[in-house]
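Only one structure is covered here, and it is reproduced in the block below.
Counting from 1, the numbers follow the sequence of the chain as shown.
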Amino acid sequence: MTATSSVPSRVAIAGASGRMGRMLIEALRATEGLVLAGALDVPTSPAIGSDATAFLGQASGVAITADLREGLQNADVLIDFTRPEGTLAHLALCAELGVKAVIGTTGFTEAQKAEIAAFAQKTAVVFAPNMSVGVNVTLKLLEMAAKALSTGYDIEIIEAHHRHKVDAPSGTALKMGEVIAEALGRDLKDCAVYAREGVTGERDPSTIGFSAIRGGDIVGDHTVLFAGTGERIEISHKSSSRAGYAQGSLRAVQFLQAHRTGLFDMFDVLGLR
């Protein structure tokens, strides 16, 4: 992967000592045109003060810090896969400093999403529930399928993640539902069904159902089932590592080099509009 500009983008990573943070740092170090400029983590992290690439057996000269302003002072872009409250606090300072942001955090409320949109008037933000290139191509396929299968097919979204995931359904599953609902001219808030128990009655054909599985170390599996009479179509994406999320995030960083403000998603990054 090569950058779109001859001037390197200086990147800060939030949650630098976590699984996703380390995957991002490793991918960043291997990408021409991008340099690690900051590493952030919570004050209770035992990694505070250590070199951000120590886990690779290398020295970067960038220490992991809990001081947000210190971590962002040399950065052009922040990549953030943390928690909603932390991400919003990070974005507030990004907007103040003119630091751009790539946000892969999930679990935001509608009000919090509105806050992100407001920050994007001051700095450029790529915000997507899943940064994987493959997932976003899958979303495009789902949009096409929903339009073609708009009548006579029941739609169910099944997702599975590791035992440590704290939100359900996943942000990616919800995005799949939103894409499908929009293609059908519906609002997901009005047609989503998140739980079934007991005597539920016959299935309403206008609904979109969700099922969430949590267990083990599943990185992320998503399947959308279009169940008709006499046939069914399944569109699936399965992640075996977080590498795909990291690579997509770095493409988003490179995309932001050409933008000063604005709210974008991975469809914009990948030219899927």
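When each of T106, N130, N136 is checked for a side-chain hydrogen bond (donor to acceptor under 3.5 Å, both in side chains) with T172, only N130 meets the rule.
Rounding to the nearest 0.5 angstrom, the gap separating the CG atom in D265 from the CE atom in M131 is 9.0 Å. A distance of 6.0 Å separates CD1 of I103 from OG1 of T87, quoted to the nearest 0.5 Å. Within the model, atoms CG of L93 and CG of L97 stand 4.0 Å from one another, a figure rounded to the nearest 0.5 Å. Remark: I235 CD1 to L225 CG distance equals 10.0 Å, nearest 0.5 Å. Taking CD from E178 and NZ from K189, the interatomic distance works out to 8.5 Å, rounded to the nearest 0.5 Å.
For the pair K165 and E159, the salt-bridge criterion is not met [side-chain N within less than 4.0 Å of a carboxylate O]. A salt bridge links E96 to R69: at least one charged side-chain nitrogen sits closer than 4.0 Å to a carboxylate oxygen. Between K147 and E182, none of the side-chain N atoms (NZ, or NE/NH1/NH2) sits under 4.0 Å from a carboxylate O, so this pair counts as no salt bridge.
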Next item on the list: Under the side-chain hydrogen bond (donor to acceptor under 3.5 Å, both in side chains) rule, what do T65 and D67 come out as? Steps first, then yes or no, please.
Entry: CA-CA 5 Å; T65 179; D67 185 322; 5.4 Å; no
Next item on the list: Kindly determine whether F108 and F127 satisfy ring-ring contact (aromatic ring centres under 6.0 Å, His included), including the steps that lead there.
Entry: CA-CA 11 Å; F108 291 102; F127 172 41; 5.4 Å; yes
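Atom CZ of R273 has more than 12 neighbouring heavy atoms from other residues, nucleotides or ligands inside a 6.0 Å radius. The number of heavy-atom neighbours closer than 6.0 Å to CZ of R29, taken from other residues, nucleotides and ligands shown, is above 12.
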